Structure formats: structure tokens, C-alpha cells
Amino acid sequence: ISEEDNFQEQSKNEIAERIAQRRAQKNPWRRLKQSLFQLLAWTLGGAIWFSILEPKISILDAIYWSCSTLTTVGYGDFRPSRQASKIFAIFFILGGTSICIRA
């Protein structure tokens, strides 16, 4: 491949990237849908892991814990009792906060 062909290929890739960025900027609904999907997936994933780490808690209670933790309400009626659950909660809160900030 010649140098000119390589340059043209890079230019095409740059143009495609710019078009994708502009589309994302022009369509805020797309970004909102992506953010909501990420938040929902994070919430459900956290609930599943919390119910695994805390076997006495039902999946419904784990979803409740997940929602109250992510919204920083944190009533305290469900709290991690095991060391592994506490470590998980730290990363769950930090990850959820970063998702919310990005949204």
C-alpha cells in the first residue's frame, strides 16, 4: 500500500469518527437512552451480586438496596453484613456515581 493510499484511509476513518461524534451531539435522545440502559444494567447487576453475596436477602430487597444506594438515599434498612459485600458496595457506589455523572 502506498503512502497516499494509507493517508486516504486515515482520512476516511477520521471523517467517519467526526460524523459519529456529530450524530451523538445532535441526537440527545440517543445518549439519554444509552445512559438509562447503562444505569438500569448497573442497578440490576448490582442487585444480583448483592443478593448472591448476602444470601438472606431476596432479589426484590436487593433491587431496593441497589436503587436506594445509587440514589444516595440509603435508608440503612439493608446494609452489607459481610466483608465481601462491603467491598462490593464501595465499587458499586463509585461505578454508579461515574455512570450518573457521565449521563
Side-chain angles (χ1 to χ4, degrees):
I1 299 175
S2 70
E3 224 177 279
E4 188 176 316
D5 290 338
N6 192 16
F7 178 75
Q8 287 177 350
E9 189 66 32
Q10 287 176 348
S11 296
K12 288 178 185 177
N13 290 338
E14 289 174 7
I15 291 170
E17 253 181 65
R18 288 181 190 166
I19 290 171
Q21 288 173 352
R22 286 184 183 164
R23 283 183 182 162
Q25 290 173 353
K26 288 182 180 180
N27 190 354
W29 293 110
R30 181 177 180 182
R31 183 171 175 171
L32 178 65
K33 285 191 274 186
Q34 288 175 343
S35 296
L36 288 175
F37 177 75
Q38 288 175 343
L39 193 59
L40 180 66
W42 189 259
T43 303
L44 292 178
I48 291 168
W49 275 104
F50 190 69
S51 68
I52 290 170
L53 293 172
E54 295 286 338
K56 293 182 180 179
I57 293 181
S58 70
I59 190 70
L60 181 61
D61 289 338
I63 292 170
Y64 171 77
W65 172 84
S66 181
C67 290
S68 66
T69 301
L70 277 182
T71 57
T72 67
V73 173
Y75 291 115
D77 45 357
F78 294 106
R79 48 176 27 181
S81 62
R82 296 178 171 187
Q83 201 74 12
S85 300
K86 292 176 184 179
I87 293 169
F88 167 74
I90 291 169
F91 289 105
F92 178 75
I93 293 166
L94 293 174
T97 303
S98 67
I99 289 172
C100 290
I101 289 172
R102 187 179 163 271

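This one's a predicted model, so the numbers in the text were calculated from it and none came from an experiment.
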Measure from the side-chain N and O atoms of S68 to the backbone N and O of Y64, and report whether any donor-acceptor pair falls under 3.5 Å.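 Confirmed, S68 side chain pairs with Y64 backbone.
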Check for a donor-acceptor pair, side chain of S98 on one end and backbone N or O of G95 on the other, with a separation under 3.5 Å.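 Yes, because the side chain of S98 sits within donor-acceptor range (under 3.5 Å) of the backbone of G95.
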Does I57 share a hydrophobic cluster with I93, counting links as ILVMFWY side-chain heavy atoms below 4.5 Å and allowing steps through other members? no
Single-linkage hydrophobic cluster I59~I52, side-chain heavy atoms < 4.5 angstrom: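 Yes; I52 is reachable from I59 via cluster members.
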Hey, are the side chains of L70 and T97 touching, using non-hydrogen atoms and a 4.5 Å cut-off? no
If we only count heavy atoms from C-beta on, is the F50 to I63 side-chain gap below 4.5 Å? no
Side chain to side chain donor-acceptor pair (under 3.5 Å): pairs with one or both residues in residues 36-49, sequence neighbours excluded: Q38-R102
Please report the C-alpha distance between C100 and L39 in whole Å, then the side-chain angles of each, then the deciding distance to 0.1 Å, and finally whether the side chain to side chain contact (heavy atoms under 4.5 Å, CB included) criterion is met. CA-CA 7 Å; C100 290; L39 193 59; 3.9 Å; yes
Only distances under 3.5 Å count here; give the side-chain donor-acceptor pairs of residues 83-92 to other protein atoms, sequence neighbours excluded, each with its distance to 0.1 Å.
unit_1	atom_1	unit_2	atom_2	d
S85	OG	E54	OE2	2.7

To the nearest 0.5 Å, how far apart are CG in L60 and OG in S51? 11.0 Å
From L44 atom CG to S66 atom OG, the distance as rounded to the nearest 0.5 Å: 7.5 Å
List the steps, then state whether side chain to side chain contact (heavy atoms under 4.5 Å, CB included) holds for D61 with S58. CA-CA 5 Å; D61 289 338; S58 70; 3.3 Å; yes
